[in-house]
Each structure stands twice: as C-alpha cells, then as structure tokens.
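The chains referred to below are lettered A, B, ... by the order of the sequence lines, with proteins before strands, and numbering in each begins at 1. Worth saying up front: this structure is predicted, and the values here are computed from it rather than measured.
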Amino acid sequence: MYAKVIVDVPAKQTNRAFDYFVPEAMRSWVAIGSRVGVPFGPRKVQGFVIDLHTRSDLDPSKVKPISEVMDLYPPLTPDLVQLAGWISRTYLCHEITALQAMIPGALKAKYERHVKAADDSLGGNGESGQFAMLLPEQREMIRYVRDKGSVQLESLLEKFGSDAALIKQLMAEGLLYEVQMIKDRMAAKKVLTVFPADNAELLKEAESQLPARAAKQKEVLRYLADHPAPIKLTELLHELGISAGTVKSLADKGLLTIKEVEVFRDPYAKRSFAKTRPLPLMPEQQQVYGRISRAVAAREHRVFLLHGVTGSGKTEVYLQSIQTCLDQGREAIVLVPEISLTPQMVERFKGRFGDQVAVLHSRLSHGERYDEWRKIMLRQVSVVIGARSAIFAPFTKIGLIIIDEEHESSYKQEESPKYHARDVAVARASQHDAVVVLGSATPSLESMHGTLAVSAAARRAATGGMPGGAPAITEAGAAAAADTALNERVPFELLTMHNRVEGRPLPPVHIIDMREELRTGNRSMFSRALYKAIEERLHKKEQTVLLLNRRGYSTFVMCRTCGYVAQCPHCDISLTFHQSSRAIRCHYCGYAERELTVCPSCGSEHIRHFGTGTQRVEEELGKLFPGIRVIRMDVDTTTEKGSHEKWLTMFRNRQADVLLGTQMVAKGLDFPHVTLVGALAADTVLNLPDFRAAERTFQLLTQVAGRAGRHELPGEVFVQTYAPEHYSIISASRHDYRSFIDKEMTLRKLHQYPPFHRLILITLSHEQIPLLMRTAESMAVRLKELAKESGLSQVEILGPVASPIARIKDRYRFQCMIKYRGEASISGLVKRAVASFEDVERQHKMTISVDVDPQVLM
DNA sequence: CGCGCTCATGCA
DNA sequence: GCATGAGCGCGG
C-alpha cells in the first residue's frame, strides 16, 4: 500500500503529493488525514496523508517508506483533507498551508535534531585505531553523547563551542549519527493521580500494622478508605496538609499507585452555567426556526441568510435550531466574530447545551485550545462555538453551521491561507448535506447578492459547459472535478425578522451635524445635545455606551509651526501617540520612539497631537462631569486575559456610568440599563479609501444603535458626524437596511465592484523601488497576456499602482488588481502568472502575495 | 524550505 | 593544486 503525502515544506516545487510506502506494521494506523513523519531528501519532515492507493507503477527504487505515524487517530477527517485541496486551489496557497490551518497550533511540527553515538564508537579498548586519530575534544564529545544516550544537536554545539565541522566529521566517520525527531509543540496535560489499592481490607489492615510514628501515612490510608476514588496527588496533599514523600512511601509499599493521567485544561472549569430552557418564540422567530429546522431534518444542503434586526432574538433561533440538529444525532458549528465571543455568548451556549459545547477562541492558551479541539476529536462534544478557524472542527456528521454577524470582515483571514470562513462554511456544508445559517442585522452585500444569484450549475447548463470542452483527465483535472461539487453554489434563501422581541421599538437616532456645532462655537468632542443626554442619564442613574472607532488611526503628531508629521522610518505611515508609555509608535512594525517635545525638523515646541483617541475622551469626560465613572475598553485595556470579561461584568453591575470603547463595544452586548448610545465620530470609517467604507459605516452604526433600549427602558441614540447627508448615515439612523442596500448595490454595480465583480489582489514587495516597479509592470503585462490567451473577456487587469501603504518594514509595495465577473474561477490564470515570476522571487527576494476576494485593499 | 552538489574564484 | 563560497535543483 502507498500513501500520497503532502509534506511540510511550503514551496512551489513541493506543492504536490509525494508517494510513500506504508509498511505492513503501520497499515492499521495510517489513514487519510494521518500525520506522518517521512524521509524527505536528506531530512525527515512531517506530512499529511491525503490518499491511499495500491498503484504499482511507481519506481520501487525511489519510493521510501513512511517512518512514523504521529497520532493514534488521524487529526483530520477525509472531508477536511478534500476541503484543504479546495482551499489551496481557490485561495491560491500551498496545500500544506491549508492543511496546517486546520489543526491546532499545538500540533504544528517542531523539528529536533538529536545526535547518538554508534555502538562501536569507542573502538576495541577505546584508545586505538580510528579513535586515536581524533582530537581530544572529539573524543570528549563522543563520551558525552554516549553517556547521555542522545543529545540535541544544538545543545551539543553549545556545550563544545559551536564547531559544527567537528561533529560533521564524526558523523562522516560513522562514530556519531543523527536522529531527527518530530515533536508536537504541546502534549496532553498530565496530572499525577493517586489510585488506592482495590482491596479496602488490605488498606485497613495496613493501617493498623504501620508503626505509630507513621501517623501521616495512617492518616492517608484512613482518608483513602473513606474516599476510595482516584484523587489528584496535589489535591490529596492539600487536603491532608502532608508532603509527597508520605504518599510516595505508601506507593512503595504497594498500598496505592501514582500514575500520570491525561486531563483536559478546561478554561471554564471554575464556572458553573445556569441551565437554561428554550424560550417561547415570537411568531417571526417561530417561522424562521420552522424553515431552518425543516431543512435540517430533511438533510438538505441549503443556505439561509437570516436578516434580523438587532434584538430580534437571533440567538434563541440558533439555539433551538441546534437542538433540532443534535436530536438527529448530528453536530453543529457556530462561528462568531472573535470580538463578540464574549462570556455572555459562551454562557448562553453552555447554559443550554452544557458539556456538549467546546469553545475555540484566540484568548485560550495553546494548551487549552488543544484540549477543546481534542474534545471534538474524541466526540465528547457535538457543538463547537468559536471564531473563524472553528469552521475546521473535525466533526464527521455536521448538520448545521451558523455564522453569526456574517457581515464581519474578521471572517476573512489576512494571512495565508486567506480564506473567507463564510465561503468555506458553505463548501463544508455541501460536503455534509448540511444547512448553513448566515445571521446578521446588516447582511453583507455579497450575501444579499447570493440570494439573487443563479446557481453555477444552472448557468453552466444554460451556456453549454466549460469553454474549451472537457478537461483532460490529468491530476489537475481530477482535482478540478473534485472541486466542482464544492464550487456548486446554491442560491441563498432570505429569512427576515423585522421585530424586536416583546415588541420593543428600535431606538430613535439623532444625527448631529458637527460642522454646525463648530460654527456655533462648540469645539468640544461632545455636541451640546449629546452632552445634555449624558448629563440626564447621570441624573437618572441610567447607563451610556460611547463609541469612538479609530481602528488604529488614532492621534497623529504634528508640529504646528512647520507642519512636520512624525512618521515611521521603516513604513509609510504616521506614528501614533500612546499616552500610557508616553511614546509614539508605528502600528505596522512596532517601531517606537519617545514622545516629541520639540520638532525634529524646525525645533519648535508647538507639538500637537491631532485626532481624538479613547484615552482623550476619557480624560474629557472626567473634566466635564466630575465624579463620572468611565470604563474604557480598547486594545490597550483588554489585552490581559479575562480583562474583557471583568470590564463588562463591572458595567453590568452598574459600577460605571459610561462604557467607552472602540468597535468592540458595538457588538452583541446586552445591558438592561443602557438607554443612551453615542457615536462620537461616525465618519472615521467613511473616509477610508475603500469601496466598502459606506457599508462598514452603516453596519457599525446599526450595530451600536442596537445596544440601546433592549429592555424595559426606552433608548436613544446620537450620531455625531461631519457628513450628516451621507446615505449610509441617514439609512442607519432610520434603521432602514433596505434603502441602504438598494443604494449601495446600485453604486457597486455602477463602479463594477463586488459583489457584481470579483477581485484578486496581487501585492509585490521589495526593498528597491526600480526593480519592484519593473516587476509589477511585467506582472500586469503577463496577466493581460494570459487573460487574452485564455479568451476570458470579462477580465480586467488594473495597475500596477503603489499600495495604499506604500512601504512596510523597509519594503516597498506595489499592487495589481484583477477584476472579473461571474463564478468562473480564474485562479489558474493567476497561478500561471505568479509562477512565471518564481525566479525573480528567488533571485531578488521579491515577495508576491495573492489575495482572492480581498476584504482590505491595503 | 534545507541540503548537498556544482562550479567559480582565490591563494599556495 | 586544492580550499572556500554562492547558486541551483531536488526531494517520492
């Protein structure tokens, strides 16, 4: 039997399967999805088995055997392996990169090189022949290695001063040899556990026979007689206030055993979750739930786009739909944006499904995440709630995939593989005949467009198949054929919930024209109306949420005399002032310097920090409303583990009057006493050079407005802006999704942007501008050539132009954009174009990155 | 990617 | 004449 293996070498030349022989002894272990160690050239690397076959037309002198199987059970399911192939072809990354993205970081290979001594390395009497020819130092090395049995190469080099040549020579002589090991970065956590002897009589008897001075040991035996279950060693020690030696000596007497037992690190172990029962559904919820649950019951691959206004009770619909799925013995995956994976959210799922839920998010430690993942592997859970990568949960019977806040841009991964979790979810669901629910109060244009789109199959049928006839049956052809099913797009079905639960109205939204405020002499960051509203809430002891969305574009530093702006010396970006460290920092490379007091350019002392960050708002609030209690939530205050939760709990307990934060306060929070929401600068996002700016602004304002008046107390929203007439702001203020989407769709169509046209962004970067420009230029030419050759008419090549951030970490950046229509993938074209620049990449250390369906055009 | 093989260049 | 170093192509 042979295995096709994708090796852990992310390079163009190795981005294909290699055949290995599966030794007889391994046959019951090796399966599709297994992690294996294989010899690769002169070294040993990790790889994934993607296929097993018995083809015997392989050159037996070339094929090597698999050297080890890494896991008891394959960490990937066959459908995930297939999905990895699809991801690598769709998003143009190495297949290994896609495979690696599917397993927890803890299982990423760590390569260790160890040195061992050959059996006869000391020669006959140790001082003759070969051995006598060696340097004293080398003899010492051999002795050292021999003593230790096996030494890590690096530590040997360190110990004997770094002369690799000496060791190499010893290896060439056959006195030492190298063993390569592949290790996991993380192992299952083990806890020493005490197992009392089975025989209770024996324990009693032993207790009476122990000498009186062994009082502690007697105490342990008595305790174990009362509590015969296994107990953690530490717990036992703590309970009885004794030392490990006592227990150890009992173990030596054979009265108990101490063993290492694998345990799960449970991040939620210390918390109990109140069990919740299904809530009665409102008519609208009932209808939506009915549609979803019927599709789940029918085991049909369907995609629902659930448009539900904020507070319409989407989560309850999710919970009950999941219950339907579990009742059928199938599993469910719930994706939420990292930022809204709040304890509140987790609580609702744990409360309903208890131990059946695994939680995956980035704040878990490597070990915790690994353990949650293992619960999925071992089928101990049937629901996963997590951020983007949870879409790869190794379930085998998926019935339902829910993507909450489906419009969130964080579902797109910005590093390779640059996949979009929404699209991967649809592909994965089609493998399982599962239902996808995309939920949002502000569905993305892409998803809305999906409700209009005709399925690719229907279109192909209409146009008479692929251009150029049937593809030849090559390996690539076979892969493409396997992808067809995954590329099949069912039209999305739109479900709508217009009403908030219990008929609470959406809060009125007031737009405040900040130009008008300025004209009438108010230079503060608070408009008069918002100021009054906050004051009122303080009086009534109600709470306020304030949003200031800076997205990293916080204050820049400028000299008022000469106009000098502090910039990063390595990136084309302004430096940002950080109050806490009194430093100015680059957001892209981390470069920092001390706060400016004099202008480095003209020597003037008129340095001013422009733009308003959350820190300044906090300061200002303190000045305007003495005694006000403010909680500030942004990246600076929530990096610490658990801090996010801590602040929110404080706010919930009304230990603060105002919750001030960046977009993290806009998502999913639900506090009964919040009656006022203020967006301080609604147009920060609007002014970004991105065709999605209006969409993002509309989404953000709608989301944040949804935080007010969710319970008995009515709410009110103030939106401060310099662009009060902009349609995104007006539509958001009227809670009018329909008018926004109509307007935005029209504009996108007119300007040929997504979702009507699709984009592929190719970014080239290099230290030197001339070479970079030349290469980018020929990249565009090559793309145009290939587009023409392939007869694709609806493909447009734009650029090259300098990227919006023209330099990062001393590397200049240029980009080409491909705009094209329809579902037909043009990845083959891009792949070929990029391939023809392989030599430039290598020779000149040029970097070329490809982003299919980019979310950010930086 | 990392290795070793090849070939060019430099000094005995 | 061989030793040292950067570039190339290969890996099952």
Worksheet item: For Asp423(A), what residues pass the side chain to side chain contact (heavy atoms under 4.5 Å, CB included) criterion, not counting sequence neighbours?
Response: Tyr91(A), His420(A), Arg489(A), Asp853(A)
Worksheet item: Do Arg374(A)'s NZ or CZ and the ring of Tyr370(A) fall within the cation-pi criteria of under 6.0 Å and 45°?
Response: yes
Worksheet entry | DNA chain B stem ranges, 3 or more consecutive Watson-Crick or G-U pairs under 3.5 angstrom | B:1-11 with C:1-11
Can you give me every donor-acceptor pair (side chain of residues 771-780 of chain A, partner residue at least two apart or in another chain, under 3.5 Å) with its distance?
unit_1    : atom_1 : unit_2    : atom_2 : d
Thr775(A) : OG1    : Leu771(A) : O      : 2.6
Ser778(A) : OG     : Arg774(A) : O      : 3.0
Ser778(A) : OG     : Thr775(A) : O      : 3.1

Discussion item. Taking side chain to side chain contact (heavy atoms under 4.5 Å, CB included) as the definition, give me every residue that meets it alongside Ala390(A), ordered by chain and number, with sequence neighbours left out.
Written reply: Leu335(A), Leu360(A), Val384(A)
Worksheet item: Backbone N or O of Leu107(A) within a donor-acceptor pair of the Arg35(A) side chain at under 3.5 Å?
Response: yes
Item to complete: Using a 4.0 Å heavy-atom cut-off across all strands, classify Val63(A) as base, sugar-phosphate, or nothing.
Response: sugar-phosphate
Discussion item. If we ignore hydrogens and angles and just use 3.5 Å, is the side chain of Lys375(A) paired with the main-chain N or O of Ala358(A) as donor and acceptor?
Written reply: no
Worksheet item: Do Glu338(A) and Ser362(A) have a side chain donor and acceptor closer than 3.5 Å?
Response: yes
Worksheet item: Is Arg832(A) reaching over with its side chain to a backbone N or O of Leu786(A), donor-acceptor style, under 3.5 angstrom?
Response: no
Worksheet, complete the sentence: Nt span of DNA chain C in reach of chain A heavy atoms at under 4.0 Å, 5' end first, is dG9(C) to dG12(C)
Worksheet item: Is the closest side-chain heavy-atom distance between Lys116(A) and His114(A) below 4.5 Å?
Response: no
Discussion item. Going 5' to 3' along DNA chain B, which are the first and last nucleotides with any atom under 4.0 Å from a heavy atom of chain A?
Written reply: dC1(B) to dC3(B)
Fill in: Ion pair Lys110(A)/Asp184(A), N-O distance below 4.0 Å
no
Worksheet item: What nucleic acid atoms does Tyr20(A) come within less than 4.0 Å of, heavy atoms only: base, sugar-phosphate, or nothing?
Response: sugar-phosphate
